[in-house]
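Take a look at the structure set out below.
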Amino acid sequence: MIKLLETIGGKLADRWWQLLVLPGALYLMVAVAALRYGTDIGGLTRGVDQLAADPATRSAGTFGVVLLGLAAGAALVGLAVRALGSVIERIWLAEATLPVTRLLTRRRLRRWEAAEQRYQSALLAAGRAHVTGSVDATALARDAERLALARDRIALTAPRRAFWLGDRIDAADLRVLSAYHLDLVSAWPRLWLVLPEQARAALQVARSDFSSATQLVAWGVAYLLLGVACWPALLVGAGTAVVGWRRGRATGSALAELLESAVDVHGRDLAAMMGVDCPQRLTRDVGEQLTSLLRKDN
């Protein structure tokens, strides 16, 4: 799924000034203040006044050198944090290969299976009540819907990854495979070629929003590191990381929905372009033919 996401993330580098330099410059200034003065606001104020009164700061040459140095340092910090954001994204989406991630996955799977069992029991009870004409049928149906939502909050499908976001993105592939017998990872590069510009733009925006959320978490981690020298940075870092995590869940879910929707709406176009007969809508038979063709099985 990482490769699938990389195909729709090509425009992220266009905003390098906004994503790297400006946040990096702010971080550098906060880092200098935190490491030199800590929580001493008076010392920080005096330091700024002394710097402003220094004749060297009024020199155009000095100002230019400092500005260039600040821009270069900010860009380096931004690149480092962006790399950290990519690592965070891969951790969120990674398969359960390490002992810790396997443990987390098994724990989530047990919770999902218990929630699934409660839902199935409630659904069976609601079905029996409906058949017998019980007055409790409506209430039991609402209980079943509530339990289904509780199960889906853990994962839409049986968890295979350590984190919710990984399963949410992975669920797009699994749900497409279940509904159409189409391998989304194999089909995506070809489907991308037949998508209209409007659909591509929507996917790229969703991908950019998801990446921005991971970058926000990375900036939160960076500010948490400054908390060693200045405790208010701990609050800033924790708040930033929590906001990024919440945005990551929302934007990741939106991206997964768009991935599924691209197949639902344009899967028939892909079949037509690949020469597979699909007169009305995408079906499992058509999906199987497409998957075999795209995997080069024959």
Side-chain angles (χ1 to χ4, degrees), residues 2 5-6 9-94 163 165 204-252:
I2 291 289
L5 295 179
E6 286 176 350
K11 292 188 177 182
L12 297 180
D14 295 345
R15 297 187 296 161
W16 69 274
W17 177 267
Q18 177 184 353
L19 295 176
L20 301 180
V21 178
L22 293 181
L26 176 61
Y27 182 81
L28 280 181
M29 290 186 288
V30 173
V32 170
L35 295 175
R36 183 166 182 177
Y37 300 104
T39 57
D40 183 8
I41 302 300
L44 175 61
T45 302
R46 290 190 296 272
V48 172
D49 291 339
Q50 291 174 2
L51 184 63
D54 192 332
T57 60
R58 302 175 186 177
S59 169
T62 302
F63 180 78
V65 170
V66 171
L67 186 61
L68 287 175
L70 178 63
L76 289 175
V77 170
L79 287 172
V81 173
R82 183 171 182 178
L84 178 60
S86 298
V87 172
I88 291 172
E89 180 178 306
R90 288 180 177 274
I91 291 174
W92 277 352
L93 304 180
F163 299 101
L165 267 171
Q204 287 176 328
V205 168
R207 179 67 176 96
S208 178
D209 290 343
F210 180 57
S211 293
S212 296
T214 62
Q215 298 302 311
L216 198 58
V217 175
W219 281 112
V221 173
Y223 278 97
L224 284 172
L225 295 177
L226 293 181
V228 177
C230 181
W231 66 263
L234 287 174
L235 302 179
V236 174
T240 303
V242 169
V243 171
W245 172 73
R246 292 179 65 88
R247 285 186 58 188
R249 287 176 66 94
T251 56

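Only heavy atoms go into these numbers, but all of them, side chains included; no hydrogens, no water, no symmetry mates.
- Here the side chain of Tyr27 pairs a donor or acceptor atom with the backbone of Ala222 at under 3.5 angstrom.
- Put simply, CZ on Phe210 and CD on Gln215 are 11.0 Å apart, with the number rounded to the nearest 0.5 Å.
- Between atom CD1 of residue Ile88 and atom CZ of residue Phe163 there is a gap of 10.5 Å, rounded to the nearest 0.5 Å.
- Considering every non-hydrogen atom in both Ala213 and Thr251, the closest pair reads CB-OG1, 4.0 Å.
- Shortest non-hydrogen contact noted between Thr240 and Leu216 is CG2-O, 3.3 Å.
- Among all heavy-atom pairs drawn from Pro23 and Trp219, the shortest one is CB-CZ2, 3.3 Å.
- Contact record, Leu84 with Ala218: CD2-O, 3.8 Å, taken as the closest heavy-atom pair.
- Across Trp92 and Gly244, no two heavy atoms sit closer than the pair CH2-O, 4.3 Å.
- Judged purely by atom type and a 3.5 angstrom limit, Thr214 uses its side chain to pair as donor or acceptor with the backbone of Ser211.
- Residue Leu165 comes nearest to Leu93 through the heavy atom pair O-CD2, 3.8 Å, listed as atom of the first residue, atom of the second, then distance.
- Within the 3.5 Å criterion, the main-chain N or O of Gln204 finds no donor-acceptor partner in the side chain of Ser208.
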